[in-house]
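Every number for a ligand or one of its atoms is a count from 1 in the order of the listing.
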Amino acid sequence: MKFHVLTLFPDMIENGLRTSITGRAIERGILTLHTVNIRDFAGNRYGKVDDYPYGGGAGMVMQPQPIYDAYQSVARDAGRKLRTIYLTPQGRTFSQELAEDFAKEEELVLLCGHYEGVDERVLEEIATDFISIGDYVLTGGELPAMVMIDTISRLVEGVLNNEASAEFESFQNALLEYPQYSRPEVWHGKAVPPVLLSGHHANVEKWRREQSVRRTARWRPDLLEKANLTEKEKEMLKGEEDNGI
Ligand code: ADE
């Protein structure tokens, strides 16, 4: 899968993503990361890409032409229009479900804004999706773009060593993940739950599922609506509620 990132801070994106799991996937050619410096398309000697907002107000606005030309340089090479995400707190909230949808694309363009925003007209021409990573405001779209690329990448075949791990983790089935333990068997006086040492695979699975259901009920009850709980599990939770657990 190929990610094109239009940004004023390509180093931030390169340094963040050419590291760890995404970095290894890029090295192995499973992912391609292509950063495009919008400033290279400034069209003036000073590399100026922003100006005052018409109508007044605080801050500067990124001008349309450099962004458009940066996008066109990518679309021209691809020979077609590409799904193009503008990162903005005004967008739809990013989720695992959206990540799965984006992971179906072969190429994605991510546009990182800065200053007080981006001239609306270029968004009308190039943006296909407006995405926020949460209800808070960052200084720019670079971190949100990295969050999206990381999340989407781990859904791409071959990026994770263990194919199974992408499937079973939090949110994939609308339940939080069960607790994990590794060596030592006792740490700070706390023993690993005995069932995990039993070697009884079915019991381990049963315990894990129960832990996931309980955790979700306690920490993210809003997720339970989408979870496919069995009648027995619903009763278990109801019993705990009645007992004030
Ligand atoms: N740019 C600034 N804040 C943002 C957010 N929360 N999500 C996406 N892009 C942003």
Side-chain angles (χ1 to χ4, degrees), residues 1-22 31 33-42 47-71 74-75 81-105 107-156 170-171 220 222-223:
M1 182 161 184
K2 210 172 195 176
F3 297 101
H4 306 275
V5 186
L6 315 183
T7 171
L8 290 172
F9 300 97
D11 287 352
M12 197 171 164
I13 303 285
E14 297 277 347
N15 292 336
L17 292 174
R18 289 189 195 275
T19 307
S20 185
I21 293 175
T22 47
L31 302 177
L33 177 65
H34 175 217
T35 51
V36 180
N37 192 340
I38 295 167
R39 213 175 286 289
D40 290 345
F41 297 86
K48 187 171 145 53
V49 291
D50 62 327
D51 211 326
Y52 295 100
Y54 279 119
M60 303 290 267
V61 174
M62 285 174 75
Q63 293 167 281
Q65 194 65 43
I67 293 174
Y68 187 73
D69 290 346
Y71 168 80
V74 171
K81 278 195 162 187
L82 295 170
R83 196 162 180 192
T84 300
I85 301 158
Y86 175 51
L87 286 312
T88 167
Q90 298 167 31
R92 267 205 294 170
T93 308
F94 191 48
S95 63
Q96 194 65 33
E97 216 175 326
L98 281 176
E100 281 165 34
D101 186 47
F102 287 125
K104 291 178 194 145
E105 303 288 334
E107 291 185 52
L108 280 177
V109 180
L110 295 99
L111 168 62
C112 307
H114 254 268
Y115 311 119
E116 292 308 305
V118 164
D119 190 303
E120 191 67 20
R121 294 166 295 182
V122 71
L123 297 176
E124 286 168 10
E125 296 207 7
I126 71 168
T128 56
D129 298 83
F130 295 74
I131 302 289
S132 163
I133 60 159
D135 286 341
Y136 39 81
V137 182
L138 293 135
T139 56
E142 281 74 13
L143 286 169
M146 286 193 264
V147 166
M148 285 193 69
I149 292 171
D150 189 289
T151 310
I152 294 165
S153 293
R154 61 189 290 293
L155 300 174
V156 174
S170 301
F171 297 114
R220 290 294 306 275
D222 55 301
L223 293 177

Assess the residue pair Arg83 and Phe102 against the criterion (side-chain contact (heavy atoms from CB on, under 4.5 Å)); give the C-alpha distance rounded to whole Å, side-chain angles, the decisive distance to 0.1 Å, and a yes or no. CA-CA 9 Å; Arg83 196 162 180 192; Phe102 287 125; 3.4 Å; yes
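- Looking only at side-chain heavy atoms (C-beta outward), Leu111 and Leu123 come within less than 4.5 Å of each other.
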Candidate pair Ser153 and Asp150, rule side-chain contact (heavy atoms from CB on, under 4.5 Å), full reasoning: CA-CA 5 Å; Ser153 293; Asp150 189 289; 5.8 Å; no
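- Residue Tyr115 comes nearest to Met62 through the heavy atom pair CD1-CG, 3.6 Å, listed as atom of the first residue, atom of the second, then distance.
- Of all atoms in ligand 1, numbered sequentially from 1 with element shown, those under 4.0 Å from a heavy atom of Ile131 are 8 (C).
- Ring geometry, Phe9 versus His114: the interplanar angle falls from 30° to 60°, so the pair is classed tilted.
- The backbone N or O of Leu33 sits less than 3.5 Å from a side-chain atom of Arg18, completing a donor-acceptor pair.
- Here Asp135 has no heavy atoms under 4.0 Å from ligand 1, in either its backbone or its side chain.
- Atom 6 (N) of ligand 1 has Tyr136 O, 2.8 Å as its closest protein atom, hydrogens excluded (heavy atom only).
- Considering backbone and side-chain atoms together, Gly134 places an N or O closer than 3.5 Å to an N or O of ligand 1.
- Judged by distance alone, with hydrogens and angles left aside, the side-chain atoms of Lys48 form a donor-acceptor pair with the main-chain N or O of Asp50 at under 3.5 Å.
- The N/O atoms of Ile133, backbone and side chain alike, include one that comes under 3.5 Å of an N/O atom in ligand 1.
- In terms of protein heavy atoms, atom 3 (N) of ligand 1 is closest to Leu138 N, 3.0 Å.
- Under a 4.0 Å criterion applied to the non-hydrogen atoms of Val137, ligand 1 contributes the atoms 3 (N).
- In terms of protein heavy-atom proximity, atom 4 (C) of ligand 1 is nearest to Pro89 CD, 3.6 Å.
- Proximity of a side-chain donor or acceptor of Ser20 to a complementary backbone N or O of Leu17 within less than 3.5 Å is not detected.
- When heavy-atom distances to ligand 1 are checked against a 4.0 Å cut-off, Thr139 has no atom that comes that close, whether in backbone or side chain.
- Looking at Pro144 next to ligand 1, no N or O pair under 3.5 Å apart turns up.
- Side-chain atoms of Thr128 come within 3.5 Å of backbone atoms of Thr84 as a donor-acceptor pair (strictly under, hydrogens ignored).
- Ligand 1 places these atoms under 4.0 Å from at least one heavy atom of Leu87: 8 (C), 9 (N).
- The shell of residues lying under 4.0 angstrom from ligand 1, judged by heavy atoms, excludes Cys112.
- The atoms of ligand 1 that sit less than 4.0 Å from any heavy atom of Gly140 are 1 (N).
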